[in-house]
Amino acid sequence: MNCNVVKGTRDFLPQQMNKRNYIFNVIKEVYKLHGFSQIETPALENLSTLMGKYGEEGDKLLYKVLNSGNFLDKLDFESEQTKDYKKLTNKISEKGLRYDLTVPFARFVVNNRNEITLPFKRYQIQPVWRADRPQKGRYREFYQCDADIIGSDSLLNEVELCEMIDEVFTRLSLKVEIKLNNRKILAAIAELIQQEDKIIDITVAIDKLEKIGYDKVCEELIQRGLTKDNLNKIEPILKLEGDTKSKIHALKIFFQNSTIGQKGIEELEEVFQTIESLKLNSKVEFDITLARGLNYYTGAIVEVKCVEVPMGSLTGGGRYDNLTGIFGMPNISGVGISFGADRIYDCLEELKRFPQDISNTTTLMFANFGKQEEKQCVVWAKELRKENISAEVYPDSVKLQKQMKYANEKLISYVALVGERELEEGEIELKNMITGEQKKLNIDQIKEMLKS
RNA sequence: GUAUGCGUAGCUCAGUUGGUUAGAGUAGUGGUUUGUGGUUCCAUUGGUCGUGGGUUCGAGUCCCAUCGCGUACCCCA
């Protein structure tokens with residue numbers, strides 16, 4: 001019997017759950033502080049909702065769920081449709097596991113348009129699934145923690161999201177760098193060389209600028225169908241140096257004849273100006289090479305890198321102008337971010353930066369000395385719980401050594417020893433498991449002591 | 001989809017140019033201690049060496065296949 005978990009998925013032990021919940025709670029607190037409300041959506045969505053939103057590569061990575069019942073019934077095995085696996089897939093699978101939380105959210109907004117008021121600020125913390133090859137910081141099932149504002153064009157939203165990113169990583173004591181760009185600037189680049197249809201190829205290639213260098217990026221761009229002439233035209237953009245202000249200034253001149261380029265730069269400039277007044281802890285900078293693969297972004301794009309650990313991006317996001325349009329609700333713009341909780345976990349773990357006091361366990365355990373004693377312990381345990389003190393009674397009357405070991409492993413703070421003697425006196429021998437001290441107390445004294 | 005590394009006890013791993021009955025630490029169990037853990041000492045359970053085939057007098061070790069896992073690409077949180 002094979003009892004492994006599926007590749008790229010994990011079991012979470014109690015101690016790991018404590019750490020994970022610590023991350024989720026920090027994120028939740030910040031979201032709530034900014035007035036976002038929580039929603040959830042189903043793990044399963046119709047494939048028609050998911051397909052075509054993430055690019056060609058994304059479609060491949062969707063987990064598809066086989067139709068129930070005898071899905072062969074309606075198939076015509078002579079037709080071409082059953083010989084091409086992609087076409088066959090469409091015939092036998094109509095549902096899939098969600099790939100992210102943004103697309104289901106857009107569907108949610110359209111579906112529940114009468115229940116919500118725009119602008120709508122929601123947060124959502126749920127797992128998503130991708131049929132990827134797992135590796136460091138990459139899983140097939142992982143949690144995204146999304147916050148989105150839909151139904152507002154204001155760039156204040158972009159600013160607020162950056163502020164939230166900064167707040168979350170400050171609270172987690174992780175040093176990060178926030179990188180901003182704008183899809184409109186990338187579109188202007190494509191426009192400049194009249195290769196508008198190659199915008200994805202261009203962005204994907206220049207995304208690697210830092211990683212593989214200018215020459216290799218050029219090689220890749222040529223492979224993707226650009227000409228030498230094209231490359232000469234965009235070279236000055238890719239080789240832009242200096243701080244954010246000077247880069248923006250240079251681009252302003254460069255794109256003076258491009259409407260979309262001007263728009264992108266204006267947006268970027270406004271966001272940066274407002275962010276500056278907030279005095280964030282994290283470095284926020286303009287990065288022209290930041291592309292982000294997801295197809296639906298149209299305006300600002302943002303990505304967060306940990307400066308202390310080599311790891312893929314910890315957070316990503318951007319503005320999408322027409323995601324709800326696909327579901328029949330046009331002209332509504334949204335902007336959002338998503339924290340990758342699992343990658344943040346890996347970073348904190350590698351840096352040993354989880355706080356010490358996040359274990360969440362029983363406060364007091366009654367050791368079990370036998371039938372007579374356990375009856376009294378059960379009653380006392382209930383009294384403690386009434387005071388909101390977590391308590392448990394060890395279920396078996398086994399060697400005390402084993403019981404103590406259990407309490408120790410579980411990091412239980414107090415063990416109550418109630419044997420024949422204590423039962424007669426109506427008192428409890430209370431052992432502090434950290435200091436090792438022992439005291440005789442009655443139940444009311446214990447309540448008082450542990451209440452705070 | 002491409003490349004590459006690794007599968008030996010529940011877990012972490014040793015195992016020599018192929019050589020007798022495959023080891024250690026840790027966890028588990030029992031005792032030392034019939035009322036005291038983290039931290040004593042002793043004993044003890046546990047493995048078809050991922051699976052199948054081949055080479056050989058002989059394979060955990062070499063070869064082939066297959067399955068599983070990891071890492072780096074592509075792409076992405």
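Note on naming: letters A, B, ... go to the chains in the order of the sequence lines (proteins, then strands), and numbering restarts at 1 for each one.
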So what's the dot-bracket for RNA chain B: Watson-Crick or G-U pairs under 3.5 Å, [ ] if a pair crosses, | if it pairs off-strand?
(((((((..((((.....[...)))).((((.........)))).....(((((..]....))))))))))))....

Is A:K439 atom NZ crowded by more than 12 heavy atoms from other residues, nucleotides or ligands, each under 6.0 Å away?
no

With heavy atoms under 4.0 Å as the rule, sort A:K60 into base, sugar-phosphate or nothing.
nothing

With sugar-phosphate meaning primed atoms plus P, OP1 and OP2, does A:K305 contact a base, only sugar-phosphate, or nothing at under 4.0 Å between heavy atoms?
nothing

Review item, nucleotides 34-36 of chain B N/O atoms under 3.5 Å of protein N/O:
unit_1 : atom_1 : unit_2 : atom_2 : d
B:G35  : O6     : A:E422 : OE1    : 3.2
B:G35  : N1     : A:R421 : NH2    : 3.4
B:G35  : N1     : A:E422 : OE1    : 3.0
B:G35  : N1     : A:E422 : OE2    : 3.0
B:G35  : N2     : A:E422 : OE2    : 3.2
B:U36  : O2     : A:K431 : NZ     : 3.1
B:U36  : O2     : A:Q438 : OE1    : 3.2
B:U36  : N3     : A:Q438 : OE1    : 2.6
B:U36  : N3     : A:Q438 : NE2    : 3.3
B:U36  : O4     : A:Q438 : NE2    : 2.9

Does any N or O donor sit under 3.5 Å from an N or O acceptor when you compare the side chain of A:N408 with the base of B:G38?
no

Could you check whether A:I344 gets within reach of a base, just the sugar-phosphate, or nothing at all, counting any heavy atom under 4.0 Å?
nothing

Sugar-phosphate only, base, or nothing, as touched by A:Y139 at under 4.0 Å among non-hydrogen atoms:
base

Across the strands shown, which category fits A:K211 at heavy-atom distances under 4.0 angstrom: base, sugar-phosphate, nothing?
sugar-phosphate

Side-chain-base donor-acceptor pair under 3.5 Å for A:R130 and B:C75
no

Flag the pair A:R140 and A:D132 as a salt bridge only when some basic side-chain nitrogen lies within less than 4.0 angstrom of an acidic carboxylate oxygen.
no

With a 4.0 Å cut-off on heavy atoms, is A:R224 in touch with a base, just the backbone sugar-phosphate, or nothing at all?
sugar-phosphate

Look at the side chain of A:R138 and the base of B:U71, then say whether one donor and one acceptor between them are separated by less than 3.5 Å.
no

Is there a donor and acceptor pair closer than 3.5 Å between the side chain of A:R343 and the base of B:C76?
yes

Are more than 12 heavy atoms from other residues, nucleotides or ligands located less than 6.0 Å from atom NZ of A:K382?
no

Sorted by position of nearest nucleotide on RNA chain B, 5' first, the leading residue of A:N432 and A:I212 is A:N432

Determine the contact category for A:G137: base if any of its heavy atoms lies under 4.0 Å from a base atom, sugar-phosphate if only primed atoms, P, OP1 or OP2 are that close, otherwise nothing.
base

Between A:E349 and A:K19, does at least one N-O distance fall below 4.0 Å, as a salt bridge requires?
yes

